[in-house]
2 protein chains.
Amino acid sequence: MTQKTDTQNRLKQVLAHLKSLGKRLTPQRIAIIKAIIDHPGHPTAEQIHQAILPHYPTVSLATVYKTINLLKAADEILDLEFHDYGSRYDARRPHPHPHLICTRCGVIMDTELADIETLTDGLARKAGFSASSFRLDIFGLCPKCTQK
Amino acid sequence: MTQKTDTQNRLKQVLAHLKSLGKRLTPQRIAIIKAIIDHPGHPTAEQIHQAILPHYPTVSLATVYKTINLLKAADEILDLEFHDYGSRYDARRPHPHPHLICTRCGVIMDTELADIETLTDGLARKAGFSASSFRLDIFGLCPKCTQK
DNA sequence: GTCGCTGCAAAGACTTTGCAACCCG
DNA sequence: CGGGTTGCAAAGTCTTTGCAGCGAC
């Protein structure tokens, strides 16, 4: 219930932002963005495409990529580029946050670390950098795979 | 001087490890590994290849990739996979460490953070993960690009 | 009605693979 | 000498791009 209204609000938020940027809200875009936000995990472009096909059988994978790039330009999506697990997207929480990746089953979990930006900013400043973003991936075994 | 013996020692260390794994030390491999270690920055596969060609004109890019994968399997190289800046390699310091990446000029700098593994291990444990590795990239502007 | 967007197919960048010849140990 | 390694070319994966037609505003 709360879950549902959350994703609905997030969808409205993203669509409003795109509109304010002068972008057109085509049915394809709305369907793609909805699919990304509704996905419980961190879907690949292919998975997003598959989720939409039942509703819009003519939507092409190219349009999915174009929409993802649109969202990236608007800072409304997080693009996790893995060579081993493909590019994964997160439009629910576009703000950078650490991820835990299971090297056995490939599951990706979100985490939070309150002072992470203080830490990365400090590291950057020491070297004369001005930090604007970060990415922290922690690889290991998830609870299920640890047991086995 | 010290710099030179450092890279020489590192080269010997890597070669000894490969030998202990039963791998053959071909001239190509030695040249490739030396080129990666001698490179002051974080070279691409292409840059490694170019660095070797004057000495071994017949070495193919495929062999460079194969050797890189050999080093990865032996945990003797760090593979920084960027979509925007290509895959970059670091055979000097194969142990994971944070990197600073300039989003304007593309320079990649090494950093150290003493308690980083305590931090990542803690984050992982909270979620029931057992961490084995990590990657921390901090994006921003390098000192030179900040000035401009 | 305009001009951005879509869908198709083709191109593109990067990396891996198949295979015959080669050569390290 | 045997089997790992090399070099070439071809294949493979993922993503982007060109372009004609379409449709959101």
Side-chain angles (χ1 to χ4, degrees), chain A residues 14-36 42-50 52-74 76-89 106, chain B residues 14-36 42-50 52-74 76-89 106:
Chain A
V14 174
L15 295 180
H17 187 195
L18 292 183
K19 196 167 192 176
S20 78
L21 294 174
K23 302 299 176 185
R24 293 187 184 165
L25 303 184
T26 65
Q28 291 95 327
R29 282 187 176 167
I30 296 172
I32 291 166
I33 296 167
K34 187 175 186 317
I36 302 175
H42 296 75
T44 63
E46 188 60 44
Q47 288 172 333
I48 297 164
H49 189 215
Q50 290 300 321
I52 292 160
L53 281 183
H55 309 292
Y56 292 84
T58 63
V59 168
S60 68
L61 187 54
T63 298
V64 173
Y65 277 111
K66 285 171 189 168
T67 302
I68 288 169
N69 284 334
L70 184 72
L71 294 173
K72 280 163 79 170
E76 290 289 359
I77 198 170
L78 213 55
D79 182 0
L80 300 176
E81 302 168 331
F82 297 104
H83 277 213
D84 295 351
Y85 313 100
S87 269
R88 308 302 203 84
Y89 304 96
Chain B
V14 174
L15 294 180
H17 186 193
L18 292 183
K19 195 166 191 174
S20 79
L21 295 174
K23 302 299 175 183
R24 290 186 187 167
L25 304 183
T26 64
Q28 292 95 325
R29 283 185 176 169
I30 296 171
I32 292 167
I33 296 167
K34 188 174 185 313
I36 302 176
H42 297 75
T44 63
E46 187 61 44
Q47 287 172 333
I48 297 164
H49 189 216
Q50 290 300 319
I52 292 159
L53 281 183
H55 309 292
Y56 291 84
T58 64
V59 168
S60 68
L61 187 54
T63 298
V64 174
Y65 277 112
K66 284 170 187 166
T67 302
I68 288 169
N69 284 335
L70 183 73
L71 293 173
K72 281 164 77 171
E76 290 289 358
I77 197 170
L78 212 54
D79 182 0
L80 299 176
E81 303 168 332
F82 296 104
H83 277 212
D84 296 350
Y85 315 100
S87 267
R88 309 299 205 84
Y89 303 96

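Reminder, nothing fancy here: chain letters follow the sequence lines and each chain counts from 1. The model shown is predicted, which means the values in this text are computed figures rather than measured ones.
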Short side-chain N/O contact to D/dC8 OP1/OP2 from B/S60, under 4.0 Å: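 It does not, given that no N or O in the side chain of B/S60 lies less than 4.0 Å from OP1 or OP2 of D/dC8.
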Output yes when at least one side-chain N/O atom of B/N69 is less than 4.0 Å from OP1 or OP2 of C/dT16, else no.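 True: B/N69 side-chain N/O within range (under 4.0 Å) of C/dT16 OP1/OP2.
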Applying salt bridge (Lys or Arg N to Asp or Glu O under 4.0 Å), which residue pairs with at least one partner in residues 16-31 of chain B are found, sequence neighbours left out?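 Of all non-adjacent pairs touching residues 16-31 of chain B, none passes salt bridge (Lys or Arg N to Asp or Glu O under 4.0 Å).
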Assign B/K23 to base, sugar-phosphate, or nothing according to its heavy-atom contacts below 4.0 angstrom with the strands shown.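 Here B/K23 touches the backbone only, sparing every base.
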Which of the following nucleotides, C/dT6, D/dG7, D/dC14, is nearest to the side chain of A/Y65?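 Nearest to the side chain of A/Y65 among the choices is D/dC14.
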State which of D/dA9, C/dG7, C/dC5 makes the closest approach to the side chain of A/R24.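 The answer is C/dC5.
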Tell me which residues in residues 79-86 of chain B put a heavy atom below 4.0 Å from DNA chain D, sorted by number, or none.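 When residues 79-86 of chain B is checked for heavy atoms under 4.0 Å from DNA chain D, there are no hits whatsoever.
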Sub-4.0 Å heavy-atom contacts from residues 26-34 of chain A onto DNA chain C, ordered by number: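 Result for residues 26-34 of chain A: A/T26, A/Q28, A/R29, sorted by number.
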Which residues satisfy the ring pair (Phe, Tyr, Trp, His ring centres under 6.0 Å) test with B/H17, sequence neighbours excluded?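 Expected list: none.
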Using the ring pair (Phe, Tyr, Trp, His ring centres under 6.0 Å) criterion, which residues pair with A/Y85? Sequence neighbours excluded.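 Once residues adjacent in sequence are excluded, the partners of A/Y85 under the ring pair (Phe, Tyr, Trp, His ring centres under 6.0 Å) criterion are A/F82.
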All pairs passing side chain to side chain donor-acceptor pair (under 3.5 Å) where residues 56-66 of chain A contributes a residue, at least two apart: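 Residue pairs with at least one partner in residues 56-66 of chain A: A/S60-A/T63.
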More 5' along DNA chain C: B/L25 or A/L70, using each one's nearest nucleotide?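 Result: A/L70.
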